[in-house]
Asker: 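Before I ask anything, let me first share the structure, which is written out below as structure tokens.
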Amino acid sequence: MERARVIYNPTSGREHMKKQLPYVLDRLETEGYETSAHMTKGEEDAKEEARRAGRAGFDVVIAAGGDGTIFEVVNGLAELEHRPKLGLIPAGTTNDLARALGIDGSNIESVCDVICSNNVQPVDIGKVNNQYFINIAAGGKLTELTYDTPSKLKTMLGQFAYYVKGFEKLRFLKPKYARIEYDGKLFEGEIMMFLISNTNSVGGFEKLLPNASFDDGMFDMIVIKKTNIPELIRIGSQALNGEHLHHNKIMYMQANRIKIEVEEDMELNLDGEYGGNLPAEFVNLYHHVQMFCPS
């Protein structure tokens, strides 16, 4: 009998996971898993529990929460020699990774169907300095809003809370001089922000990087060069339809390894969480984890 450990964040999204947990545990037990659960209690708790579960020989670790919870779980598992299979129960505000994988977080029965089907697929992750991410790495003032937005506001307003916070940050935007090396190529110039993605779902936008794939060994990256606020808003509106990639202020590329240096301080966003400051080197780790995905 395989053992499964559910690591859940009771405050993710609108706190639905606490109500759904009994069904999840019963369903997994019925399907033949010896199942137990761990409720996260603070920062990096999910990371430490995932590492402990992996070392204890659990066959499956399931991250139940938002993108921040899966980020911590991935960081707990990434450096283990023998990594458990990874399951995902999306219960956060945006659920970018679940959207990219085709997991419908609105229906807990179908989510459990994915895990119980035992359809496992290799998925790339990114390594940056001494941390890991599975979906997105980004830099620039607007990218800070995912971890600057208060949890209570996200609970009340859902994803709309990010739009509220985003408008607040617009007046603080300013270009910064950057040096970007990617697979032997070089860009130098002033930028507003950058996004390095492992999937096609970023911040709820599915057409921001439409060609990104989670299992091809490559990152997809866009850099927004120096521009004014009205033009930046226009680029954002074009991104809703995937029409932004040909804008003259957008630089788009695919690469396996990316190094970024910025003259002034720029914070790093990893899967929606604060990831320290630049400089940083991003490396794609091909097929590093095995994840339950829809067949």
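The structure displayed is predicted, hence computed values, not measured ones. All residue numbers in this chain count up from 1 along the given sequence.
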Asker: Strictly below 4.0 Å, N to O, side chains only: are Glu49 and Arg5 in salt-bridge contact?
Answerer: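 Yes, this pair counts.
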Asker: Would you find more than 12 non-hydrogen atoms of other residues, nucleotides or ligands less than 6.0 Å from Lys185 atom NZ?
Answerer: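 No, because the 6.0 Å sphere around NZ of Lys185 holds 12 heavy atoms or fewer from other groups.
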Asker: Given the rule that I, L, V, M, F, W and Y join up when any side-chain heavy atoms are under 4.5 Å apart, are Val123 and Met218 in one cluster?
Answerer: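 As far as the 4.5 Å side-chain criterion goes, Met218 and Val123 are not connected within one cluster.
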Asker: Atom CD1 in Ile125, atom CG in Asn198: separation rounded to 0.5 Å?
Answerer: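 Between atom CD1 of Ile125 and atom CG of Asn198 there are 9.0 Å.
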Asker: Measure the spacing between CD of Gln20 and CG of Leu25 and express it to the nearest 0.5 Å.
Answerer: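 Taking CD in Gln20 and CG in Leu25, the distance rounds to 11.5 Å.
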Asker: Can you see which heavy atom on Cys116 is nearest to which on Glu31, and at what distance?
Answerer: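 What the structure gives for the nearest pair is SG-CG, 3.2 Å.
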Asker: Does Lys225 use its side chain to pair, donor to acceptor, with the backbone of Glu190 at less than 3.5 Å?
Answerer: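 Checking the backbone N and O of Glu190 against the side chain of Lys225, no donor-acceptor pair under 3.5 Å is found.
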Asker: Any donor-acceptor pair under 3.5 Å linking the side chain of Glu188 with the backbone of Arg179?
Answerer: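 No; judged by distance alone, with no hydrogens or angles, the pair does not exist.
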Asker: Any chance you could measure Lys47, atom NZ, to Arg51, atom CZ, to the nearest 0.5 Å?
Answerer: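 Going from the NZ atom of Lys47 to the CZ atom of Arg51 covers 5.0 Å.
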Asker: Under a 4.5 Å cut-off applied to non-hydrogen side-chain atoms, are Ile62 and Leu28 in contact?
Answerer: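 Sidechains of Leu28 and Ile62: in contact.
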Asker: Parallel, tilted or perpendicular for Tyr132 and His288, by the 30°/60° rule?
Answerer: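 It falls in the parallel class, under 30°.
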Asker: Using the rule that two of Ile, Leu, Val, Met, Phe, Trp, Tyr join whenever any of their side-chain heavy atoms come within less than 4.5 Å, decide whether Phe58 and Ile7 are in one cluster.
Answerer: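 Cluster IDs for Phe58 and Ile7 differ.
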Asker: Could you check whether any side-chain heavy atom of Leu86 comes within less than 4.5 Å of a side-chain heavy atom of Phe292, counting everything from C-beta outward?
Answerer: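 No, side chains not in contact.
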Asker: Ignoring hydrogens and geometry, is there a side-chain-to-backbone donor-acceptor pair from Asn269 to Gly272 under 3.5 Å?
Answerer: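 Such a contact is found between Asn269 side chain and Gly272 backbone.
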Asker: Could you measure the distance from the CD atom of Glu29 to the OG1 atom of Thr35? Nearest 0.5 Å is fine.
Answerer: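 Interatomic distance, Glu29 CD to Thr35 OG1, rounded to 0.5 Å: 4.0 Å.
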Asker: Between Gln131 and Gly275, is there a donor-acceptor pair closer than 3.5 Å when you use the side chain of the first and the backbone of the second?
Answerer: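 Yes, because the side chain of Gln131 sits within donor-acceptor range (under 3.5 Å) of the backbone of Gly275.
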Asker: Report the C-alpha separation of Met17 and Val24 in whole Å, then their side-chain angles, then the decisive distance to 0.1 Å, and conclude whether the side chain to side chain contact (heavy atoms under 4.5 Å, CB included) test is met.
Answerer: CA-CA 10 Å; Met17 192 57 216; Val24 172; 4.1 Å; yes
Asker: Kindly indicate whether the side chain of Ile260, heavy atoms from C-beta on, has any atom under 4.5 Å from the side chain of Met221.
Answerer: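 Of all side-chain heavy-atom pairs linking Met221 with Ile260, at least one is under 4.5 Å.
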Asker: Is any side-chain heavy atom of Cys293 closer than 4.5 Å to a side-chain heavy atom of Leu101?
Answerer: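 Touching, per the 4.5 Å side-chain cut-off.
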Asker: At what distance, to the nearest 0.5 angstrom, does CZ of Phe214 lie from CE of Met291?
Answerer: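 Between atom CZ of Phe214 and atom CE of Met291 there are 9.0 Å.
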Asker: So, does His287 use its side chain to make a donor-acceptor pair with the main chain of Asp215 at under 3.5 Å?
Answerer: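 Such a contact is found between His287 side chain and Asp215 backbone.
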Asker: Of all heavy-atom pairs between Gly32 and Met1, which one has the smallest distance, and what is that distance?
Answerer: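 Looking at all heavy atoms of both residues, the shortest contact is O-CG, 3.0 Å.
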Asker: Decide whether Asp220 and Ser197 meet the rule of one side-chain donor and one side-chain acceptor closer than 3.5 Å.
Answerer: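 Looking only at side-chain atoms, Ser197 and Asp220 do not form any donor-acceptor pair under 3.5 Å.
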Asker: To the nearest 0.5 Å, what is the distance between OG1 (Thr69) and CD1 (Ile89)?
Answerer: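 Between Thr69 OG1 and Ile89 CD1, I get 11.0 Å after rounding to 0.5 Å.
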Asker: Going by side chain to side chain contact (heavy atoms under 4.5 Å, CB included), Phe219 matches just one of Ile196, Val283, Asn256. Which one?
Answerer: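 Of the listed options, the one satisfying the test is Ile196.
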Asker: Would you say the side chains of Thr11 and Asn9 form a donor-acceptor pair under 3.5 Å?
Answerer: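 There is such a pair between these side chains.
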Asker: Kindly indicate whether the side chain of Tyr177, heavy atoms from C-beta on, has any atom under 4.5 Å from the side chain of Ile191.
Answerer: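 The answer is no, as the side chains (C-beta and beyond) never meet within the 4.5 Å cut-off.
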Asker: Go through the steps for Asn200 and Leu209 under the test side chain to side chain contact (heavy atoms under 4.5 Å, CB included), then give the verdict.
Answerer: CA-CA 5 Å; Asn200 69 330; Leu209 287 157; 5.7 Å; no
Asker: Quick one: does Ser36's side chain get under 4.5 Å of Val6's, heavy atoms only?
Answerer: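 They are not in side-chain contact.
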Asker: Does the Arg83 side chain pair with the main chain of Leu80, one donor and one acceptor, at a distance under 3.5 Å?
Answerer: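 Looks like yes, one N/O pair under 3.5 Å.
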Asker: For Lys259, is there an ion pair with Glu281 - N to carboxylate O distance below 4.0 angstrom?
Answerer: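 Answer for the salt bridge query: no.
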Asker: So, Arg3 side chain and Ala56 main chain: donor-acceptor pair closer than 3.5 Å or not?
Answerer: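 Yes, the answer is positive, given that a donor and an acceptor are paired below the 3.5 Å cut-off.
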Asker: Taking side chain as C-beta onward, heavy atoms only, is Pro122 less than 4.5 Å from Tyr286?
Answerer: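 Of all side-chain heavy-atom pairs linking Tyr286 with Pro122, none is under 4.5 Å.
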Asker: What closest approach, in Å, do Pro279 and Glu261 show between heavy atoms, and which atom pair accounts for it?
Answerer: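 So the minimum-distance heavy-atom pair works out to CB-CG, 3.9 Å.
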Asker: What's the shortest heavy-atom distance between Glu109 and Arg27, and which atoms?
Answerer: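 That would be O-NH1, 3.5 Å.
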Asker: So do the side chains of Gln121 and Gln290 get within less than 4.5 Å of each other, counting heavy atoms only?
Answerer: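 Side chain of Gln121 against side chain of Gln290, heavy atoms only: no contact under 4.5 Å found.
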Asker: For the side chain to side chain contact (heavy atoms under 4.5 Å, CB included) test, which of Thr199, Val289, Asp216 pairs with Asp124?
Answerer: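 Answer to the side chain to side chain contact (heavy atoms under 4.5 Å, CB included) test with Asp124 among Thr199, Val289, Asp216: Asp216.
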Asker: Same cluster for Leu278 and Val128 if Ile/Leu/Val/Met/Phe/Trp/Tyr side chains link at under 4.5 Å?
Answerer: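 Yes; Val128 is reachable from Leu278 via cluster members.
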Asker: Could you go through Phe187 and Met253, starting from their C-alpha distance and side-chain angles, then the distance that decides it, and tell me whether this counts as side chain to side chain contact (heavy atoms under 4.5 Å, CB included)?
Answerer: CA-CA 11 Å; Phe187 165 83; Met253 74 284 287; 5.9 Å; no
Asker: Charged N to carboxylate O below 4.0 Å: is that the case for Glu2 and Lys85?
Answerer: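 Salt bridge present between Glu2 and Lys85.
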Asker: Would the distance check show the side chain of Asp271 and the main-chain N or O of Asn135 forming a donor-acceptor pair, the cut-off being under 3.5 Å?
Answerer: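 Yes; at least one donor-acceptor contact below 3.5 Å.
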Asker: With side chain to side chain contact (heavy atoms under 4.5 Å, CB included) as the test, would you mind laying out the steps for Ile136 and Asp96 before giving the verdict?
Answerer: CA-CA 9 Å; Ile136 180 75; Asp96 274 321; 5.5 Å; no
Asker: Indicate yes or no: does Arg257 engage Glu181 in a salt bridge with an N to O separation below 4.0 Å.
Answerer: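 A salt bridge is absent here (no side-chain N lies under 4.0 Å from a carboxylate O).
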Asker: To check you understand the geometry: which heavy-atom pair defines the closest contact between Asp183 and Ala255, and what is its length?
Answerer: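 Shortest heavy-atom contact: OD2-CA, 3.1 Å.
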Asker: Minimum heavy-atom separation for Asp45 and Met39, please, with both atom names.
Answerer: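 Here Asp45 and Met39 meet closest at OD2-O, 3.7 Å.
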